[in-house]
Number of protein chains: 2
Amino acid sequence: MTKRSRKTIKDVAAAAGVSIGTASRALNRTGRVSEATVIRVTDAARKLGYQPDAIAQSLRLKSTKVVGMLVTDLSNPFFASVIRAAEKRLQQAGYALLVGNTDNEGTREKFLIDLFQRRRVDGLIVGPCETENPEMLEALDSGDLPVIGYDRDFGEGQSGLHVDHRRAAYEATRHLLNLGHERIALLSSSSLLSPGRERIAGHAEALAERGIALNQALIRAHKSSMEFVASEALSLMSLRPAPTAFLCLGTRMLAGTLQGLQQNGLKVPGDVSVLAVGDTDLARLYTPAISCVTWDLDLVGQMLAELMLRRLGDDQGEPQRIMIPTQFIDRQSCGAPGQCSGP
Amino acid sequence: MTKRSRKTIKDVAAAAGVSIGTASRALNRTGRVSEATVIRVTDAARKLGYQPDAIAQSLRLKSTKVVGMLVTDLSNPFFASVIRAAEKRLQQAGYALLVGNTDNEGTREKFLIDLFQRRRVDGLIVGPCETENPEMLEALDSGDLPVIGYDRDFGEGQSGLHVDHRRAAYEATRHLLNLGHERIALLSSSSLLSPGRERIAGHAEALAERGIALNQALIRAHKSSMEFVASEALSLMSLRPAPTAFLCLGTRMLAGTLQGLQQNGLKVPGDVSVLAVGDTDLARLYTPAISCVTWDLDLVGQMLAELMLRRLGDDQGEPQRIMIPTQFIDRQSCGAPGQCSGP
DNA sequence: CTAGCGTGCGTAAACGTTTTTCTATATTGC
DNA sequence: GCAATATAGAAAAACGTTTACGCACGCTAG
C-alpha cells in the first residue's frame, strides 16, 4: 500500500503468469488465446486495478482518440453550447476534446494548430477566425489531419458545417420590410468572418427584392465590446433621417444596442424596432420581449461531432457540407415605423 | 511532395549526418554537443519542418503537458468564462486543456476522471458535482495526480479555490434586511453543492444577526430548468404571508424567477424585490436593472491555472486555498417591502 | 612519451503498448 | 505409431523520443 506506482501490463502479465504479449491479446480479445488464460488475465487486471496507458497506446496505434477544437471565444455562449454538445457526442465515441481559444488572432490560431498537431490530435474542428488562411487548413486536411470547418469557408472540397446565416438575415430583413421599415440599421460581427458576410448578403438580398439599395452608412460590422456597440447604436440614431429598425446580427450586439437605446430614453418598439440573432435570456425576458432568429446550438455541436466521427471512421464518402436551418421567433420588439423621427 | 509522411528525429539526424541521440541533444541544447553540429542539426530540422512528436515525448518524459478540467456544464457562462481564462494561462505555460462535461452525474464524473487519468493528464481541475465522493479525489491527489478543486470541498489538506459565496449571500441578505424585508425567499442551486451550502449558510448568518429564524418553507434549493424555477417562484408567491423579496442564488435562477413574476404580472421592485448572484446582460439591462453580487470570472480561471501550475512545478509549498472576493452591485430592483401582500 | 582528463558523439536502453513471427505442444488422421 | 496440422503462448520488433553510458580522440601535464 505504501508503493502505489501505476500498474502496467507487465504487472498483469506477471500476476497471471503469462507473457506481456499474451496479456495484451487476452485483454483486447484479439488473436489466439485460450479462454482459461483470458479469464486469468482479466482477473489479474481487475485485481491490480490495471488501466492501459493511453499514451503508450497512442504511440503504438498512431491514434490519440483526441480531437481539438478552436474557437475565437470559449466563453461566448454560442460556442460554449456547441462545445458542450460536441464533447458529449465525442465522449460517447471514446474521444476526448482539447479546446483552444484563438481570441480571433491569426497567429494564435496558427500556434494552436501547430500545437495540436504536435499533440497528434486525430482531428480538428475550427470555428471562424478573421485571418482567413484557407490554404493552411486545406494543407492540413490534404495532409492527414481531418479538419471540419464550423461557419468557415474553405475550399469546396472540404466538409464543414454552416448555420444558414444568410437565410436568417434574409428573413429578419423581410419581416422588417413587411412592417414598413425602409431604413434598417445593421449591426454585425466582422464582415471578414463567414457569418458576417453571409448575413450582410442575406440582408442585401431581401432589400434588393424590394428595390432598396444597401446603404453603407447604416451598416456597422466589426468586433464588438458592449460599450462600443452602444455608442455605435447612438451614432446610428443620430443620422437624419434616423433608422427605424435595428438588426442586431452578432452574438453580443443586442445587449449593446439595448444599452445605447436605453441611455437615450428611446423606446422599443415605439421609437425603434429591434430584431436580434440568437435567442438569449435577455431577448426572452426583456420588456418588450425581443424578436429573434435562432437555431439549435446543440444540434450544431452534435453534427460537428458527427461529421468528425464520420471522417475519422471509414474515410469513404464525399466531403459533406451540412447547413443548419434557422427559425424566426416573433415577439414584441418590432412594430410599424414610428412617426417621431424628428428631433 | 507526393509523400508527405511526418518527419521524425531520425530523418533530421540522417539529414544532419549525426546519430539520433546527438540530434536530440542538439535540438534540446542539453548534454555535450559542439556548436557546429547544433547548427547543422537545427538547420536540418528547420528545412524538414520537423516537429517533435508530443506523444512520444510524453511517454518518455512521463508528462503530457495536458491538464483536464471537469465541470457540470460547459455551456454555463460561469464555467465557460473560467475555462477561457484558465486555458489562456495554461497555454502560456505550454499546457493544453482537456475538457469534460459531467452533467452533474457522479457516474459520468467518475468515468471522466478515469478516462483523463488513463490519458495521463498532468493535473485535474474539478468543479462542484452533486455526488460528493471526496475520498476519490483525495485518493487521486495522494496518488500522483494533482487535483485542484473549484468551489469544491475536499479535505483541508488539499489546495483549492473558492468563491466567497457565503459572504456574497450574507451581504445580499443584509442589504434586503436593511431595506426592511423579513420574509425573503431563497432560490439556490442544490444545497448538496458547496456553493449552495455556503450561500444558505451566509443567508442564515445574516438572518441570525437580526434574530430571524431560517424559514425552510422559503427555501428552494435544487437544480433548475428555467421553467421549473418560474413555477417555484410562483408557488413561493402564493404563500401567505408572501415573501417580499427574492434572493436568486444560482446561475440560472434569475431568468426563471423573472419569468415567473412576469407571468403573474408582479412588478419589481413594487410588488417584490429581486436580488441576483452573478452579473449578466439580463441583470444589467432588465427593467428595472437587477442588483446583484458578482465576482471576477477571469480571475477565477487565472488563479485556478496558477494554482495548478504551482502544484505542477516544484511541489513544495503547503496546499493553498484561495478565496475569491465578491462585490455587491446596487441597482434598481430592490426597494422597501410593499404593502400589497394581500390577495 | 605516457598517464590522465575533458569533450564530442555514437550506442543502446527505456517509456508501455500492440502485433508479427516463431516455437513448442497437443490433436488429428492414417 | 508417426507425420501433418492446428493452436497456445513466448519472443521480439516497432512506435518516436530522451538520456545514461562508454568509446575514441586530442589535449595537457608530469
Side-chain angles (χ1 to χ4, degrees), chain A residues 5-45 48-66 94 114-115 117-122 144, chain B residues 4-42 44-45 48-66 94 114-115 117-122 144:
Chain A
S5 78
R6 266 205 190 101
K7 298 306 177 193
T8 76
I9 199 171
K10 198 181 285 186
D11 300 315
V12 175
V18 297
S19 77
I20 64 176
T22 306
S24 171
R25 274 167 311 176
L27 290 172
N28 300 329
R29 290 200 165 40
T30 164
R32 298 176 309 201
V33 48
S34 78
E35 196 51 36
T37 52
V38 165
I39 294 178
R40 263 212 332 285
V41 171
T42 49
D43 265 15
L48 292 173
Y50 166 72
Q51 296 274 80
D53 183 324
I55 296 298
Q57 287 179 321
S58 297
L59 184 61
R60 176 67 226 240
L61 299 177
K62 300 188 160 315
S63 155
T64 54
K65 290 286 195 176
V66 172
D114 278 357
L115 185 70
Q117 217 169 183
R118 285 194 24 205
R119 290 247 149 85
R120 298 291 185 258
V121 295
D122 285 349
D144 45 359
Chain B
R4 283 199 13 87
S5 78
R6 266 204 189 102
K7 299 305 178 194
T8 78
I9 201 172
K10 199 182 284 187
D11 300 316
V12 175
V18 297
S19 77
I20 63 175
T22 307
S24 171
R25 274 168 310 188
L27 290 172
N28 299 329
R29 290 202 165 41
T30 166
R32 300 174 309 202
V33 49
S34 78
E35 197 51 36
T37 51
V38 165
I39 296 180
R40 265 213 329 287
V41 171
T42 48
L48 292 173
Y50 166 73
Q51 296 274 81
D53 183 323
I55 295 299
Q57 287 180 319
S58 297
L59 184 60
R60 177 65 225 240
L61 299 178
K62 300 187 159 314
S63 155
T64 53
K65 291 285 195 177
V66 172
D114 278 358
L115 185 70
Q117 218 170 184
R118 285 195 25 205
R119 291 246 148 86
R120 297 293 184 257
V121 295
D122 285 348
D144 45 359

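Side chains are part of it too, since the values below use all heavy atoms of this structure and drop only hydrogens, waters and symmetry mates. Residue numbers start from 1 in every chain, and the chains themselves are labelled A, B, ... in the order their sequence lines are given, proteins ahead of strands. This one's a predicted model, so the numbers in the text were calculated from it and none came from an experiment.
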Nucleic acid footprint by protein, nucleotides 19-25 of chain C - heavy-atom cut-off 4.0 Å, B for base, S for sugar-phosphate alone
B------
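At the phosphate of D:dG9, OP1 or OP2 sits under 4.0 Å from a side-chain N or O atom of A:Thr37. Look at B:Lys62 and you'll find a side-chain N or O under 4.0 angstrom from OP1 or OP2 of C:dG16. In this model, the phosphate group of C:dC15 is not approached by any side-chain N or O of A:Thr8 to a distance below 4.0 Å at OP1 or OP2. Distances shorter than 4.0 Å separate none of the side-chain N or O atoms of B:Lys10 from OP1 or OP2 on D:dT17. Within the structure, a side-chain polar atom (N or O) of B:Ser34 is placed less than 4.0 Å from OP1 or OP2 of C:dC9.
To the nearest 0.5 Å, atoms CG (A:Leu115) and CD (B:Gln51) are separated by 9.5 Å. One distance of note links OH of B:Tyr50 with CZ of A:Arg118; it measures 8.5 Å at 0.5 Å rounding. With rounding to the nearest 0.5 angstrom, the CG atom of B:Asp114 is 12.0 Å from the CZ atom of B:Arg119.
Rounded to a whole Å, the CG atom of B:Asp11 is 13 Å from the C1' atom of D:dT17. Straight-line distance from the CD1 atom of B:Ile9 to the P atom of C:dG10: 12 Å, rounded to whole Å. Nucleotide D:dG16 holds its P atom 8 Å from the CZ atom of A:Arg120, rounded to whole Å. Atom NZ of B:Lys7 and atom C1' of D:dC15 are 17 Å apart (whole Å). As rounded to whole Å, 11 Å separates atom C1' of D:dG9 from atom CZ of A:Arg40. In this structure, the OH atom of A:Tyr50 is 7 Å from the C1' atom of C:dG16, given to the nearest Å. Rounded to whole angstrom, the span from the CG atom of A:Asp53 across to the P atom of C:dA14 amounts to 18 Å. Spacing between atom CD1 of A:Ile39 and atom C1' of D:dG9 amounts to 17 Å, rounded to whole angstrom units.
DNA chain C is contacted by both A:Gln51 and B:Val33; B:Val33 maps to the nucleotide lying nearer its 5′ end (nearest heavy atom per residue).
Comparing D:dT17, D:dG16, C:dT17 against the side chain of B:Leu59 picks out D:dG16 as the nearest.
You'll find the side chain of A:Leu48 reaches within 4.5 Å of the side chain of A:Val12, heavy atoms only. A 4.5 Å side-chain heavy-atom check between A:Val66 and B:Val66 finds every atom pair outside the cut-off.
Shown here are the salt bridge (Lys or Arg N to Asp or Glu O under 4.0 Å) partners of B:Asp53, two or more places apart in sequence or in another chain: A:Arg120.
Side chain to side chain, A:Arg40 and A:Thr37 fail the donor-acceptor criterion of an N or O pair below 3.5 Å.
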